[in-house]
Protein chains: 2
Amino acid sequence: MDKSALVSELLELFRQHGYEGVSIGDVSKATGLGKSSLYHHFPGGKEEMALEVLGHIDMAVKQYFIAPLKAEGAPEAKLKAMAKTIEEFYEGGRKGCIVDGLTLGAASAPFQELIRNCLEAWIEAMAAVAKEHGVSEKLARERAENALIAIEGALVVSRALQNYQIFKRVTRNLPRLILD
Amino acid sequence: MDKSALVSELLELFRQHGYEGVSIGDVSKATGLGKSSLYHHFPGGKEEMALEVLGHIDMAVKQYFIAPLKAEGAPEAKLKAMAKTIEEFYEGGRKGCIVDGLTLGAASAPFQELIRNCLEAWIEAMAAVAKEHGVSEKLARERAENALIAIEGALVVSRALQNYQIFKRVTRNLPRLILD
DNA sequence: GTCTATACTAGGATAGAC
DNA sequence: GTCTATCCTAGTATAGAC
C-alpha cells in the first residue's frame with residue numbers, strides 16, 4: 001500500500017466518521033499497518049493525516065470539478081458533466097462529505113482555511129459558467145452558492161432519511177439550478 | 001440546573017462537536033456537574049444523553065416548526081413565520097445542526113430512526129402547505145425536501161465559509177422556494 | 001518501512017460517602 | 001443529588017529491534 005492508497009483510505013474514514021470519530025487504531029485496522037508505521041508516514045499524527053487528505057481533496061476538486069468547467073464547451077454540457085462526476089465521487093450520496101466531517105468540532109480549526117479556499121474556488125468556477133450563460137454577476141454568485149448548498153444539504157438529508165434518490169434528483173437538477 | 005437546562009446544554013455540545021466529539025468530561029465542564037451526577041441523571045451514559053436531546057428536538061420541531069404550519073393562515077405567512085423561527089433557532093447559522101452532529105459516524109445507529117421520523121414529519125408539513133397553495137402532490141413533496149436540503153446545506157456551507165450571510169439569504173428565500 | 005512493546009493520557013463508567 | 005475516588009478500556013504517541 002503506497003502513500004496515495006493510504007490517503008484514499010484516510011479520506012474514506014474521515015468522511016464517514018468525522019475527524020473525532022476516527023482513531024489511530026481505526027486507521028491501523030483499515031490499512032493493515034501498525035500504529036508505528038502510521039506515525040512513520042505521518043509524524044504529525046491524526047492532524048497531519050487530515051491535512052494530507054485535504055490536500056488530496058483540493059487537487060481532486062481542481063482537477064475533476066473545476067477544470068472541466070473552465071474548458072471550452074457549452075455551459076449546460078459542462079455542468080452536466082460536473083453533476084455526473086459529483087454523483088460518482090459521492091457514490092450516489094452514500095459516501096458523505098469530507099467538508100462536513102472536518103468542519104465539525106473544535107479540532108477543525110487547522111482545516112478551516114484550506115476548506116474555505118477550496119470551496120471558494122469551486123463556487124467561483126460555477127459562477128463563471130453562469131455568467132458565461134448570460135447571468136448577472138450577483139445572481140451568478142448566488143446560484144453557485146446555492147448549488148454547493150444543494151450538494152452538501154442533499155448529502156446530509158439523504159443520509160438522515162436513508163433515501164438516496166434524493167441525492168440523485170438534486171445532482172441531476174444542478175445545471176437547471178445554475179442556468180435557469 | 002434542572003433537567004431541561006441540562007438537556008439544552010447537551011444540545012449545544014452535540015450540535016457543535018458531534019456525538020463522538022463530546023466527552024463526558026466536556027459535559028461535566030460545561031454543566032459544572034461531576035461525572036457521577038451526570039450518570040445519576042443519565043444512567044445510560046452518553047447514548048442516553050443524545051436520546052434525550054433528540055426527544056427534546058422532536059418536541060421543539062413539532063411545536064415550533066410544524067404546528068404553526070398546520071394552523072389557520074395564508075401559506076405565505078405561515079412559511080415566513082417558520083423561516084423566522086428557523087433563523088432564530090440556529091442563531092443565524094452560527095449554531096450548527098444536531099441532525100448533522102448525530103448522523104455522522106458509526107455511533108449514530110441508535111438515533112437514525114428518531115431523526116428520520118422527525119424530519120419526515122417536518123417535510124410532510126411543509127409539503128401540505130405547498131399543496132394548500134395549489135402545488136401538485138409530487139412537486140409539493142419535492143419542494144419540501146428541497147427546503148430541508150437548503151437549510152441543512154446552508155448550515156454546512158455557512159460554517160465552512162464562515163459566511164453567515166448565506167444562511168440568512170437561504171432562510172429568507174424559503175417561502176419562495178416552496179410556493180413558486 | 002514495519003513490527004513489538006511500552007508509556008502516558010483521556011474517556012467511559014461505577015462504588016460508596018455525604 | 002452531588003461529591004471523591006477508583007477502575008478499566010481506548011486513544012495518542014514514542015522507543016528500539018529487525
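For clarity, every value in this text was computed on a predicted model and none was experimentally measured. Order of the sequence lines fixes the chain letters, A, B, ..., with proteins taken first and strands second; residue numbering starts at 1 for each chain.
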message: When you compare the side chains of Arg141(B) and Asn146(B), does any donor N or O come within less than 3.5 Å of an acceptor on the partner?
response: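 Not at all, the side chains of Arg141(B) and Asn146(B) share no donor-acceptor pair under 3.5 Å.
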query: More than 12 heavy atoms of other residues, nucleotides or ligands under 6.0 Å from OH of Tyr164(A): is that the case?
result: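 Yes - once you tally the heavy atoms of other residues, nucleotides and ligands closer than 6.0 Å, there are more than 12.
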Separation of [X] atom [atom1] from [N] atom [atom2], in whole Å?
X: Lys46(B); N: dA10(C); atom1: NZ; atom2: P; answer: 16 Å
X: His17(A); N: dG11(D); atom1: NE2; atom2: C1'; answer: 16 Å
X: Tyr19(B); N: dG11(C); atom1: OH; atom2: C1'; answer: 12 Å
X: Tyr39(A); N: dA5(C); atom1: OH; atom2: C1'; answer: 15 Å
X: Ile24(B); N: dT9(D); atom1: CD1; atom2: C1'; answer: 14 Å

Could you pull out the protein-nucleic contacts involving nucleotides 1-3 of chain D (nitrogen or oxygen on both sides, under 3.5 Å)?
| unit_1 | atom_1 | unit_2 | atom_2 | d |
| --- | --- | --- | --- | --- |
| dT2(D) | OP2 | His41(B) | NE2 | 2.6 |
| dC3(D) | OP2 | Gly34(B) | N | 2.7 |
| dC3(D) | OP2 | Ser37(B) | OG | 3.1 |
| dC3(D) | N4 | Ser36(B) | OG | 3.2 |

- prompt: With sequence neighbours left out, what residues match Phe111(A) under ring-ring contact (aromatic ring centres under 6.0 Å, His included)?
  reply: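 Only Tyr19(A) meet the ring-ring contact (aromatic ring centres under 6.0 Å, His included) criterion with Phe111(A).
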- prompt: Closest heavy-atom contact between Val7(B) and His56(B)?
  reply: CG1-CB, 3.7 Å
- prompt: Quick one: does Ser158(A)'s side chain have a donor or acceptor within less than 3.5 Å of a partner on Ala154(A)'s backbone?
  reply: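 Checking the backbone N and O of Ala154(A) against the side chain of Ser158(A), a donor-acceptor pair under 3.5 Å is found.
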field: Check: Ile178(B) main-chain N/O paired with Arg143(B) side-chain donor or acceptor under 3.5 Å
entry: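 Side chain of Arg143(B) to backbone of Ile178(B), a donor-acceptor pair under 3.5 Å: yes, one is there.
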